[in-house]
Amino acid sequence: MAEFPNLSRRGFLNRSAAVGGLLVVPGLLTACSKTDAGSATGEGALDKLRKQGFVRVAYANEAPYGYLEGKELKGEAPTLHREIFKALGVDELKPTLSEWDGLIPGLQAGKYDVVSAGMAITPERCGNAIFSEPEFISPTALMVKKGNPKKLTDLASAKEAGITIGVMSGAVEGSYAKGAGIAEGKIKTLQKPQDGADAVKGGRIDAFLLTGISLRWLAKTNPDTEVTEPFVPEIDGNAQFSPGGAVFRKGNEDLRDSFNRELKKIVSDRSRYVQLLEPYGFGESEIPPEDLKTADLCKG
């Protein structure tokens, strides 16, 4: 099993900041050549991929989104993308490992064709690349002791019970807890996911707040815990979905559009979606709402 990395929403926040700060690099913003989009040769990006028989995908080695186990590329994004590209007539994913902050710059520089890493869709990133429609959303959940002794279901029940709740350092979940009216003295900061699981098991906190995706993955190696049904928290009345998708180079809109058509077929088939992604902790609660659109997410 791949090492379990820091899969908090802190990852989403830090990634946004990193992308916003690193992408304004001379040369990278114009790295997409006419040949990439096929305008110089009359050959589209998808036609090129079909002819060569593979698509170059970048991953950041983050389970359960995209990671290498042995020699096999696994995770939510590669599993979904493999299915989609096969339907498009491209049978093989050729993986390239990248540091997170280098994913979009590498895409712009033509090192690969798609970022296959469960990247969150943010306005900053939309300025530098093009995203598919959402592949998943990341509802929040609570990790509790086996049996859920406090009978917790969401942040409102946590506040009512007067429990101590754990969040990741720098993570957005801290703002969710405060927004729900939980007192700061009842919110404990932890450095990594396993710290949260250990604190729950040791009784130092009553619940650990993180995405359901990450908590279900974490629970695999912490059998004395369980994870509540996911819920979508709100900040100032706005639902916090944290959607992710595939990322393409600007100029490859036709490839993105072809990808979206096949993605829609999977997302619309709930049983197929769950069958494909359940091994990585994704279920029906992670299926994006039909009215959640990338164009709106890119506007912020």
Side-chain angles (χ1 to χ4, degrees), residues 5 7 9 11-12 15-16 19 46 55-67 73-88 90 93 95 98 100 103-104 107 112-126 128-141 211-214 216-217 230 232 239-249 252-253 255-298:
L7 284 181
R9 296 283 267 286
F12 289 134
R15 292 167 194 169
S16 297
V19 169
L46 181 55
V55 55
R56 301 170 302 159
V57 302
Y59 69 104
N61 216 32
E62 287 194 284
Y65 300 100
Y67 62 98
L73 186 59
K74 292 188 173 184
E76 169 272 327
T79 298
L80 200 56
H81 297 183
R82 189 176 288 113
E83 195 84 358
I84 289 169
F85 279 107
K86 279 185 179 180
L88 292 173
V90 185
L93 301 187
S98 171
W100 187 270
L103 284 169
I104 290 182
L107 180 71
Y112 30 81
D113 307 297
V114 184
V115 173
S116 186
M119 182 175 278
I121 302 167
T122 68
E124 294 85 359
R125 292 173 182 155
C126 292
N128 294 289
I130 53 176
F131 279 82
S132 69
E133 292 299 337
E135 298 174 350
F136 64 88
I137 58 174
S138 303
T140 305
T211 67
I213 296 167
S214 297
R216 286 193 293 272
W217 190 263
V232 178
Q240 305 299 306
F241 287 111
S242 292
V247 196
F248 301 84
R249 193 159 48 251
N252 281 356
E253 283 80 3
L255 177 60
R256 186 271 318 273
D257 293 345
S258 296
F259 181 98
N260 276 340
R261 284 191 287 273
E262 295 301 323
L263 173 63
K264 185 176 181 179
K265 294 176 185 177
I266 297 175
V267 171
S268 300
D269 185 341
R270 302 179 80 84
S271 61
R272 185 183 178 196
Y273 182 96
V274 172
Q275 182 181 26
L276 284 169
L277 300 183
E278 193 172 33
Y280 305 107
F282 292 71
E284 288 201 11
S285 58
E286 279 68 48
I287 297 175
E290 192 174 340
D291 60 353
L292 186 67
K293 300 297 182 184
T294 292
D296 296 326
L297 295 166
C298 286

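Since the structure is predicted, the reported quantities are computational estimates derived from the model, not experimental observations.
- The salt bridge (charged side-chain N to carboxylate O under 4.0 Å, His left out) search around Lys265 returns Glu262, not counting sequence neighbours.
- In this structure, Gly283 and Tyr273 approach most closely via the heavy-atom pair O-CE2, 3.9 Å.
- Applying the 6.0 Å contact sphere to CD of Glu253 captures more than 12 heavy atoms from other residues, nucleotides or ligands.
- Proximity of a side-chain donor or acceptor of Asn260 to a complementary backbone N or O of Ser132 within less than 3.5 Å is not detected.
- When the side chain to side chain contact (heavy atoms under 4.5 Å, CB included) test is applied to Thr294, the partners found at least two apart in sequence or on another chain are Ile121, Phe131, Glu133, Pro134, Cys298.
- The OG atom of Ser268 sits 8.5 Å away from the CG atom of Leu263 when rounded to the nearest 0.5 Å.
- For the side chain to side chain contact (heavy atoms under 4.5 Å, CB included) test, residues two or more places apart in sequence or in another chain that qualify with Pro289 are Ile137, Phe241, Asp291, Leu292.
- A distance of 11.5 Å separates CD1 of Ile287 from CD1 of Ile266, quoted to the nearest 0.5 Å.
- No side-chain heavy atom of Leu103 sits less than 4.5 Å from a side-chain heavy atom of Val247.
- Judged as a side chain to side chain donor-acceptor pair (under 3.5 Å), and not counting sequence neighbours, Asp257 has no contacts.
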Intermediate values then yes/no, side-chain contact (heavy atoms from CB on, under 4.5 Å), Ile104 and Arg125 = CA-CA 8 Å; Ile104 290 182; Arg125 292 173 182 155; 4.0 Å; yes

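- Taking every heavy atom of both residues into account, Phe136 and Ser242 meet most closely at CE1-O, 4.2 Å.
- Leu107 and Ala129 get closest at one heavy-atom pair: CD2-CB, 4.2 Å.
- Side-chain atoms of Val114 and Phe248, non-hydrogen and from C-beta on, do get closer than 4.5 Å to each other.
- Between Tyr280 and Trp217, the ring planes lie parallel to each other; the angle is under 30°, not in the 30° to 60° tilted range.
- Qualifying side chain to side chain donor-acceptor pair (under 3.5 Å) partners for Glu284, counting only residues two or more places apart in sequence or in other chains: Arg270.
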Donor-acceptor contacts, no H, no angles, side chain residues 77-88, under 3.5 Å, sequence neighbours left out:
{"unit_1": "Thr79", "atom_1": "OG1", "unit_2": "Gly75", "atom_2": "O", "d": "2.7"}
{"unit_1": "His81", "atom_1": "ND1", "unit_2": "Ser116", "atom_2": "OG", "d": "2.9"}
{"unit_1": "His81", "atom_1": "NE2", "unit_2": "Glu135", "atom_2": "OE2", "d": "2.4"}
{"unit_1": "Arg82", "atom_1": "NH2", "unit_2": "Leu73", "atom_2": "O", "d": "3.1"}
{"unit_1": "Glu83", "atom_1": "OE2", "unit_2": "Arg272", "atom_2": "NH2", "d": "3.2"}

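- Residues Tyr112 and Tyr59 place their aromatic rings such that the two centres sit no closer than 6.0 Å.
- With respect to Arg216, the salt bridge (Lys or Arg N to Asp or Glu O under 4.0 Å) criterion is satisfied by exactly one of Glu76, Glu278, Glu286: Glu286.
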